[in-house]
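These notes are about the structure you will find just below.
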Amino acid sequence: MLDKHYDHFQVEEGKYEKWKKEGYFTAGDVSKQPFSLVIPPPNVTGKLHLGHVMDTVPDDIIIRYKKMRGFDALWVPGMDHAGIATQAKVEEKLRKQGISRYDLGREKFLEKAWEWKKEYGDSIHEQWAKIGLSVDYTRERFTLDEGLSAAVRKVFVTLYKEGLIYQGEKIINWDPELRTALSNIEVIHQDDEGEFFYFKYPIVGSEDSLIVATTRPETMFGDTAVFVNPKDKRYAHLVGKKAINPANGEALPIMADEYVDLSFGTGAMKCTPAHDPNDFALAKKYGFPLIKVLDESAKMNELCGKYQGMDRYECRKALVEDIKAKGLLDHIEKMVHSVGHSERSGAVVEPMLSKQWFVKMRPLADRVLAQQQSEEKVEFLPHRFENVLIRWMRNVDDWCVSRQLWWGHRIPAYYHKQTGEVVVSETPMDPELYDQDEDVLDTWFSSALWPFATLGWPEKTPDFERYFPTSVLNTGYDIIFFWVARMVFQSEHFTDKVPFKTVVIHGLIRDEKGRKMSKSLGNGIDPIDVIEQYGVDALRYFITTNATPGLDMRYSNEKLQAAVNYLNKIWNAVRYVEMTLGEGYEPKAIDPKSLGVLEKAILSKEMETIRRVSRFMDRYEFGKASDVLYDFVYDDFCSTYLEMSKVSMAKEGDQEQVKAVLYKVVRDIVLLIYPYCPFIGEEMYLSLPKTKASIMLESYPEIEKAYVSKAAERKAELLYTMIKDARAYKSGEGLAPNAAVNIVVSPKAPFAGMEDYLSRFTFAKKVEFKPEAPKGTTFAYDGFSMVIESDVDEGKLKESLLKEKETLKAEIDRGERMLGNPGFLAKAPKEKVALEQEKLESNKNKLQTVEDRLAKLG
RNA sequence: GGAUGCUUAGCUCAGCGGGAGAGCAUCGCCCUUACAAGGCGGGGGUCGUAGGUUCGAAACCUACAGCAUCCACCA
């Protein structure tokens with residue numbers, strides 16, 4: 001027997017450990033159909049946040065549901081080494097101890113990083129357990145483990161041999177704080193306030209000068225030309241002449257190119273090929289030298305004269321002062337412009353010429369674009385997110401994959417010590433003869449292989465053969481570019497298959513005010529705190545049912561409390577059923593034909609509920625599925641059938657049937673809620689009679705056609721409507737709910753045995769069935785009527801009757817307008833027209849009754 | 001500049017061609033042995049604005065406004 005209140009601490013205790021120990025999470029029953037998914041691997045950078053709960057709980061619901069549906073459901077867990085993010089954290093920790101990574105050296109630093117991974121990996125495991133994730137620990141992976149590393153080398157070498165990986169000197173995004181290259185998407189653009197400096201460039205051999213504007217004066221040491229637009233009449237006479245760079249006195253050619261925007265700045269632009277991607281393109285076109293003026297910490301280098309060694313901003317300030325002193329500063333404008341920041345360090349990113357490794361994206365992206373046109377494509381839910389992928393694939397630039405870090409997959413490229421010859425190899429080259437490339441790969445390079453490499457690829461392992469491609473991936477829209485896109489192209493290129501058939505995209509969780517959760521705002525919410533307060537089942541329920549697919553959701557304490565209340569409701573329904581069944585109850589088979597009307601009706605409703613819930617579960621629409629179940633639990637079961645059953649139990653003869661039905665329905669409710677809330681689900685399940693060792697061994701409730709009876713539902717509905725009418729009538733007249741009345745139904749009862757329910761729930765002293773209706777307050781239904789006799793406050797009654805009359809008239813008016821419209825009759829579906837006719841008839845009858853009653857009142 | 005989403009009850013959000021819904025909040029009555037973390041009953045909305053399509057629009061189309069997000073560019 002369950003306790004009076006649901007206590008989440010007691011309910012959660014020990015269950016996860018038991019499931020894990022019993023091996024319920026382990027897949028591999030080959031007699032069943034496989035179903036698989038991989039966890040979005042959390043970074044080993046720290047504790048999990050609510051975003052991870054959003055990523056993983058839907059997966060857990062899917063896995064638990066699919067297991068109940070008889071699938072061999074595999075959920076591969078694992079974590080991501082998160083190269084740059086983790087390295088930044090480890091460096092920060094060391095810095096607090098006054099140590100830099102260079103003090104330690106590569107090997108020692110990596111030891112520290114592995115210690116970090118161990119510590120945070122353990123804490124992530126604890127959190128998975130708290131959340132209740134049914135991941136298969138026998139198949140757990142790490143993006144830096146031996147198998148993944150082998151897969152990474154295989155992919156790198158293969159792409160290199162195919163000409164899809166190359167080393168090149170290009171403008172990349174440089175993070176001067178972490179001293180590494182970044183890919184385009186690791187750069188966050190934000191609008192920063194800056195200054196726009198207008199400098200005078202004297203024209204050689206003339207008194208004239210040209211004004212050029214820049215936001216980054218410190219890069220002027222790398223300028224190679226000044227450009228104007230060929231159509232620009234203001235400068236036509238200067239093209240071909242030379243202008244003096246006010247930073248270093250060098251003469252720069254003035255050239256014309258269509259690229260220059262006449263309306264921006266002064267219409268004259270300086271060209272700095274080594275520090276701007278557009279200028280780089282111009283320099284290539286005209287064959288300019290590429291002059292780099294910043295070092296890897298964004299300090300000025302030896303080409304910058306007296307500014308050498310200065311930080312870029314220090315230099316900017318000093319240089320502007322010096323130019324001003326020379327009288328060559330025209331003016332300074334404040335301007336807000338978009339500035340790139342490193343996603344991890346926050347440092348302002350410098351576009352910089354650098355030799356890096358790149359993945360040639362065009363052929364890989366084209367393959368994806370073609371695949372999305374075919375039958376064997378990745379399906380996105382909601383569909384619109386497919387366009388995000390497609391647009392990115394259409395416009396993608398080559399991917400800079402080398403990082404000047406230590407924590408990650410070291411690039412399998414080797415340089416001959418004498419000749420400098422480059423060898424790219426899966427197996428290490430002789431260290432006597434070759435030096436390995438110092439750089440590591442972008443962390444997403446290995447994440448991209450996650451769905452197939454975790455299953456054993458490149459080996460043809462049984463798991464890979466059986467579980468790949470995976471069935472579904474559930475993740476946030478914020479990492480479609482970072483992760484989803486890359487898994488798709490790598491998978492299609494290397495396995496010739498999509499990595500997953502369906503991607504379910506969810507929104508992000510925000511705080512109660514709708515703001516993004518972030519460290520700087522300090523508004524992040526620790527899931528562990530939420531679990532302490534409300535229990536994990538409530539958190540799981542909240543996070544999967546209060547969100548619309550693809551849209552952001554807000555964290556809400558109120559909604560969590562609502563979830564707790566709902567769970568407590570189910571808990572108590574189970575408790576009531578247990579009390580009713582009594583000790584030692586032995587479940588009995590139900591004969592659908594011999595059941596009473598109310599029993600038939602609730603089972604029929606349950607079948608409809610199972611049908612609708614299953615349909616939504618199969619489409620991964622957990623919010624909708626839970627809504628359907630919620631309505632059934634509250635309205636149909638708890639408020640209605642369960643209350644009716646109290647009367648039934650007091651009657652002779654029916655008890656066994658009622659018990660059997662109560663048992664079946666409440667047990668099925670437990671099974672239906674269980675994928676969402678496994679802990680309380682297990683607790684309630686085990687508390688009921690005749691169970692298996694765990695709810696994890698159960699199957700999902702099935703629709704049984706013998707239980708479907710729309711006729712019984714309609715009959716029961718009549719009774720419920722009568723009760724509701726009688727109650728509303730009493731309330732409308734200012735009678736207490738428990739005030740005594742007499743009810744007469746005529747000419748006969750809609751179904752036998754209903755009088756007990758009617759009297760109990762309307763507090764009728766007497767319920768009679770008579771062929772003739774007496775005088776009194778009459779409610780008309782199809783084929784019979786109900787008359788209520790009571791002491792009435794005539795004033796109040798009249799008021800409520802008048803109000804009812806108004807609403808009925810409005811309804812009738814609406815119906816008549818509709819049915820009087822020739823267009824409606826001609827074009828609307830026949831069923832709709834018939835339905836409206838029925839409604840109109842019924843409303844007219846009701847109005848008649850109301851008017852009769854009013855007439856009697858005078 | 002391009003794209004997407006949102007705008008519905010006091011708050012948070014469903015609904016997305018045929019009678020305006022939920023949770024919370026609010027008001028009234030009830031501690032009735034499943035549940036006061038509850039029950040019963042009630043109040044509250046010209047569904048952002050303006051046009052259009054349709055027999056019928058909160059829903060479909062167009063324009064506009066506000067909010068949010070993403071991508072690109074910014075010498």
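Chain naming here is simple, since letters A, B, ... match the order of the sequence lines and numbering starts at 1 in each.
Place A:Tyr634 and A:Asp261 on RNA chain B by their nearest nucleotides, and A:Tyr634 ends up nearer the 5' end. If you find the closest nucleotide of RNA chain B to A:Asn546 and to A:Val577, the one lying nearer the 5' end belongs to A:Asn546.
The side chain of A:Lys569 places an N or O atom within less than 4.0 Å of a non-bridging phosphate oxygen (OP1 or OP2) of B:G39. Neither OP1 nor OP2 of B:A75 sits under 4.0 Å from any side-chain N or O of A:Thr272. Applying the 4.0 Å criterion to OP1 and OP2 of B:G56, one finds that A:Asn821 has every side-chain N and O outside that range. Look at A:Arg554 and you'll find a side-chain N or O under 4.0 angstrom from OP1 or OP2 of B:U12. Listed pair A:Ser556 / B:U12 fails the phosphate criterion, with no side-chain N or O lying under 4.0 Å from OP1 or OP2. Considering only side-chain N and O atoms, A:Arg216 lies nowhere under 4.0 angstrom from the phosphate OP1 or OP2 of B:A75. The phosphate of B:G19 has OP1 or OP2 within less than 4.0 Å of a side-chain N or O from A:Arg814. A:His5 has no side-chain polar atom (N or O) that falls below the 4.0 Å cut-off from OP1 or OP2 of B:G38. OP1 or OP2 of B:C35 lies within a sub-4.0 Å distance of a side-chain N or O belonging to A:Arg575.
The side chain of A:Lys516 lies closest to B:C70 when the candidates are B:C70, B:G38, B:G19. Of the candidates B:A34, B:G19, B:A3, the closest approach to any side-chain atom of A:Arg391 belongs to B:A3. Proximity note for A:Lys559 (side chain, C-beta onward) versus B:A75, B:U12, B:G41: the nearest is B:U12. Considering only side-chain atoms of A:Asn565, the nucleotide from B:G38, B:C13, B:U33 that sits closest is B:G38. The side chain of A:Lys832 has B:G18 as its nearest neighbour among B:A34, B:G18, B:G23.
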Distance-only criterion, 3.5 Å: show the donor-acceptor pairs between side-chain atoms of residues 548-560 of chain A and protein atoms not counting sequence neighbours.
unit_1   : atom_1 : unit_2   : atom_2 : d
A:Asp552 : OD1    : A:Tyr477 : OH     : 2.8
A:Asp552 : OD1    : A:Leu508 : N      : 2.8
A:Asp552 : OD2    : A:Tyr477 : OH     : 3.1
A:Asp552 : OD2    : A:Arg510 : NE     : 2.8
A:Asp552 : OD2    : A:Arg510 : NH2    : 3.1
A:Arg554 : NH1    : A:Glu512 : O      : 3.4
A:Tyr555 : OH     : A:Asn557 : OD1    : 3.0
A:Ser556 : OG     : A:Glu558 : N      : 3.3
A:Ser556 : OG     : A:Lys559 : N      : 3.0
A:Asn557 : OD1    : A:Tyr534 : OH     : 3.1
A:Asn557 : ND2    : A:Glu512 : OE2    : 3.3

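Within 4.0 Å of A:Phe385, counting heavy atoms only, lies no atom of the nucleic acid at all. Contact annotation for A:Leu642: base contact, defined as any heavy-atom pair under 4.0 Å involving a base atom. At the heavy-atom level, A:Val260 lies under 4.0 Å from base atoms of the strands shown. Looking at heavy-atom distances under 4.0 Å, A:Tyr259 makes contact with sugar-phosphate atoms alone, never a base. When heavy atoms are screened at a 4.0 angstrom cut-off, A:Thr215 is found touching the sugar-phosphate backbone but no base atom. At the heavy-atom level, A:Phe481 lies under 4.0 Å from the strands shown only through sugar-phosphate atoms. Contact annotation for A:Thr266: no contact, since no heavy-atom pair falls under 4.0 Å across all strands. Within the nucleic acid shown, A:Cys638 comes within 4.0 Å of at least one base atom, counting heavy atoms only. Contacts of A:Ala573 with the nucleic acid, taken as non-hydrogen atoms under 4.0 Å apart, include base atoms. Using a 4.0 Å heavy-atom distance criterion, A:Glu512 is classed as making no nucleic acid contact. Across all strands, A:Ala826 comes closer than 4.0 Å to no nucleic acid atom at all (heavy-atom distances). Within 4.0 Å of A:Pro829, counting heavy atoms only, lies at least one base atom of the nucleic acid. Contacts of A:Tyr6 with the nucleic acid, taken as non-hydrogen atoms under 4.0 Å apart, include base atoms.
Across every non-hydrogen atom of A:Ile171 and A:Pro351, the tightest pair is CG2-CB, 3.9 Å. Here the closest heavy-atom approach between residue A:Arg312 and residue A:Leu294 is recorded as CB-CD2, 4.3 Å. Here the shortest heavy-atom pairing between A:Val388 and A:Phe481 reads CG1-CE2, 3.5 Å.
A cation-pi contact links A:Lys646 to A:Tyr576, judged by a cut-off of 6.0 Å to the six-membered ring centre and 45° from its axis.
A distance of about 43 Å separates the P atoms of B:U26 and B:U62, rounded to the whole Å. A gap of 15 Å separates the P atoms of B:U8 and B:C67, to the nearest Å. B:A3 and B:A50 have their P atoms separated by 26 Å, with the value rounded to a whole Å. Rounded to a whole angstrom, the distance from the P atom of B:C30 to that of B:A68 is 48 Å. Separating the P atom of B:C13 from that of B:C6 is a span of 13 Å, rounded to the nearest Å. Distance check on atom P: B:G45 versus B:C11 gives 13 Å, rounded to whole Å. Separating the C1' atom of B:C60 from that of B:C16 is a span of 9 Å, rounded to the nearest Å. Only the C1' atoms considered, B:G21 is 11 Å distant from B:C47, to the nearest whole Å.
Here the two rings, on A:Phe761 and A:Tyr757, have centers that are 6.0 Å apart or farther.
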RNA chain B in dot-bracket, Watson-Crick or G-U pairs under 3.5 Å, [ ] crossing, | other strand? ((((((((.[[[[.)..(..]]]].(((((.......))))).....[[[[[..)....]]]]])))))))....

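A donor and an acceptor atom never sit less than 3.5 Å apart when one is taken from the side chain of A:Lys4 and the other from the base of B:A36.
By the salt bridge (charged side-chain N to carboxylate O under 4.0 Å, His left out) test, A:Lys200 is found to be paired with no residue, residues two or more places apart in sequence or in another chain being considered.
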Given ring pair (Phe, Tyr, Trp, His ring centres under 6.0 Å), test A:Tyr201 with A:Phe199 step by step and report yes or no. CA-CA 6 Å; A:Tyr201 283 48; A:Phe199 295 130; 7.3 Å; no

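Using modelled atom types, one finds no donor on one side chain facing an acceptor on the other under 3.5 Å when comparing A:His5 with A:Asn572. When only modelled atom types and interatomic distance are considered, A:Thr224 and A:Lys270 share no side-chain donor-acceptor pair under 3.5 Å.
At whole-Å resolution of the value, CD in A:Glu558 and P in B:G23 are 13 Å apart.
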